[in-house]
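Single-structure report; data block below.
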2 protein chains.
Amino acid sequence: MARKPKQQRSKATVDAIVEAALIAIAQQGPSATTARQVADIAGIGVGSLYEYFEDKDAIFEAAGARFVDDTVAMIKPLIPELVRLNIRDAVAKLLFTFRDFLEENNQLYLKCARHAFSLDMVIYQEPINRALMDLFTQYLMHHPDMLRLPNIPALAYFYINGGVFTVVRHLSEQQPTQGFDELVTVFGDILASYAEHKLGLPEA
Amino acid sequence: MARKPKQQRSKATVDAIVEAALIAIAQQGPSATTARQVADIAGIGVGSLYEYFEDKDAIFEAAGARFVDDTVAMIKPLIPELVRLNIRDAVAKLLFTFRDFLEENNQLYLKCARHAFSLDMVIYQEPINRALMDLFTQYLMHHPDMLRLPNIPALAYFYINGGVFTVVRHLSEQQPTQGFDELVTVFGDILASYAEHKLGLPEA
DNA sequence: ATGCTTGTTCGGATTCAATTCGGAAATCAT
DNA sequence: ATGATTTCCGAATTGAATCCGAACAAGCAT
């Protein structure tokens with residue numbers, strides 16, 4: 001970004017640009033949105049875009065960062081509560097909250113997330129994965145039996161990466177083959193089965 | 001523009017364009033590759049690109065289609081063999097074969113796959129999912145006990161979508177947190193645990 | 001308030017990639 | 001081998017991305 005916004009006025013401009021980028025991405029995806037469109041939506045001149053952003057990609061990265069930060073901010077406060085639930089309930093609570101979050105603002109974030117899984121973009125989502133990994137870890141700490149599970153890192157890797165992608169894809173589906181509820185059940189069952197099968201029959 | 005190649009000569013040109021597109025995408029991703037680069041790699045003039053493709057996106061779609069067809073062609077013949085194995089072995093065999101396939105040609109396909117998970121592109125990958133779904137279904141048919149499993153469609157949806165994404169992401173990882181082998185083990189265990197937990201203790 | 005410095009906005013000018021198109025070259029059919 | 005068809009191409013056009021210096025606004029003394 002060429003400059004740092006010093007005054008309140010320019011902070012608002014940067015903010016308007018990021019918001020506009022999210023709207024444009026949701027509407028048409030990043031590759032189809034032009035700089036002029038973003039400027040128009042933000043209600044500013046084209047040239048102003050480049051005062052605070054190196055190029056179009058930098059704008060999209062900032063928009064992605066906004067999404068990621070909001071997502072993390074949604075997950076973090078849930079952790080203390082989720083950690084006390086059994087696996088199925090924790091998974092269900094998390095997924096329903098996540099869905100509601102993605103559906104907000106007329107699916108603004110869901111429609112953006114559709115474009116976020118190019119593995120080049122995915123690095124910017126790392127904070128989300130870290131937050132979920134944190135949740136996973138803290139859950140294990142509150143259920144020490146589960147620390148005996150084999151392959152915990154690989155399990156978490158698959159569950160988190162595969163889970164986020166699958167949920168976003170399912171919610172984006174035009175005509176889903178099955179309901180979200182069934183998916184939530186399976187998500188919970190898979191993890192619970194793994195734990196119960198590998199350990200014995202714990203879990204209240 | 002958008003003509004059909006009639007002669008052998010032009011078929012070769014179209015082929016060269018598709019190959020060139022795959023190479024370019026692997027190197028820099030679609031949004032960073034220019035029409036001129038593709039033409040240069042293919043060893044043809046820029047204008048020739050537009051004889052058989054509407055625009056740059058159409059070229060990328062064709063490249064994607066090539067990848068998808070090759071992938072399906074890799075999966076299909078495996079099915080009869082996989083269907084006779086126990087879950088863990090079947091999953092392992094499939095994943096190792098899939099990895100080798102992605103690693104071919106100096107990771108050409110792996111490096112392309114990195115860019116294929118934007119959910120706009122993902123529709124073109126549907127044949128891959130169908131092939132995997134077919135494998136899943138036929139596996140169940142050969143192990144009829146498993147037909148009693150609850151939520152099979154949702155299970156398959158999560159397992160296939162999440163699995164493909166996770167594998168490609170892991171293989172693309174610069175410095176993986178865990179080995180591919182651990183991931184394969186978890187993939188097998190997760191599915192086997194679900195089956196064994198839900199049914200009783202089947203599976204040889 | 002006034003003058004000065006710094007921060008901000010903007011749109012015309014520039015640059016570069018995508019796409020078009022008409023003519024030249026190759027292939028085909030007779 | 002000649003006319004018809006197919007293919008190839010690169011110069012010209014188009015449009016989006018980016019730059020930049022003039023014009024405007026805010027901060028801050030005095």
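Just so it is clear: chains get the letters A, B, ... in the order the sequence lines come, proteins before strands, and each one is counted from 1.
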Exercise. Could you state the CG-C1' distance from B:Asp40 to D:dG10, rounded to the nearest angstrom?
Worked result: 12 Å

Problem set entry | Distance below 4.0 Å between B:Thr13 side-chain N/O and D:dT7 OP1 or OP2 | no

For this session: Just compare D:dC9, C:dG7, D:dT6 and give me whichever is closest to any side-chain atom of B:Ile44.
Result: D:dC9

Exercise. For the pair made of CZ in B:Phe53 and C1' in C:dA18, what is the distance, rounded to whole Å?
Worked result: 16 Å

For this session: Tell me what B:Leu49 touches on the nucleic acid: a base, only sugar-phosphate, or nothing, going by heavy atoms under 4.0 Å.
Result: nothing

Exercise. How is B:Lys4 classified with respect to the nucleic acid when contacts are heavy atoms under 4.0 Å: base, sugar-phosphate, or nothing?
Worked result: sugar-phosphate

For this session: Report the nucleotide, chosen from D:dA26, D:dT6, D:dC9, that has the shortest atom-to-atom distance to any side-chain atom of B:Arg9.
Result: D:dT6

Problem set entry | Between C1' of D:dC8 and NZ of B:Lys11, the distance in whole Å | 17 Å

Problem set entry | Heavy-atom donor-acceptor pair, B:Gln7 side-chain to C:dC28 base, under 3.5 Å | no

For this session: Look at the side chain of B:Tyr52 and the backbone N and O of B:Lys11, then say whether any donor-acceptor pair between them is shorter than 3.5 Å.
Result: no

Exercise. So what does A:Thr34 hit on the nucleic acid, given a heavy-atom distance under 4.0 Å: a base, only sugar-phosphate, or nothing?
Worked result: sugar-phosphate

Exercise. Between atom CZ in A:Arg3 and atom P in C:dC10, what is the gap in whole Å?
Worked result: 12 Å

For this session: Determine whether the aromatic ring centres of A:Phe158 and B:Phe158 lie less than 6.0 Å apart.
Result: yes

Problem set entry | Nearest-angstrom distance from the residue atom CG of A:Asp57 to P of D:dA16 | 17 Å

Exercise. Of the nucleotides C:dT8, C:dC10, C:dG22, which one has an atom closest to the side chain of A:Glu51?
Worked result: C:dC10

Problem set entry | Euclidean distance, atom CD of residue B:Gln28 to atom P of C:dA17 [Å, nearest integer] | 12 Å

Exercise. Does a salt bridge link A:Glu51 with A:Lys6, judged by any charged N lying under 4.0 Å from a carboxylate O?
Worked result: no

Exercise. Okay, side chain of B:Tyr159, backbone of B:Phe187: is any donor-acceptor separation there less than 3.5 Å?
Worked result: yes

Exercise. Is there a donor-acceptor pair under 3.5 Å between the side chain of A:Gln125 and the backbone N or O of A:Ala116?
Worked result: yes

For this session: Have a look at A:Gly47 and say if it touches a base, only the backbone sugar-phosphate, or nothing, with a 4.0 Å heavy-atom cut-off.
Result: base

Exercise. Does OP1 or OP2 of D:dA17 have a side-chain N or O of A:Arg36 closer than 4.0 Å?
Worked result: no

Seminar exercise, completed: note: A:Lys56, atom NZ; C:dA17, atom C1'; distance rounded to Å ~ 12 Å

Exercise. Over how many whole Å does the gap from B:Tyr50 atom OH to C:dT19 atom C1' extend?
Worked result: 5 Å

Exercise. When you match A:Gln8 and A:Asp55 each to their closest nucleotide on DNA chain D, which lands nearer the 5' end?
Worked result: A:Asp55

Exercise. Phosphate oxygens OP1/OP2 of D:dT6: is one of them under 4.0 Å from a side-chain N or O of B:Ser10?
Worked result: no

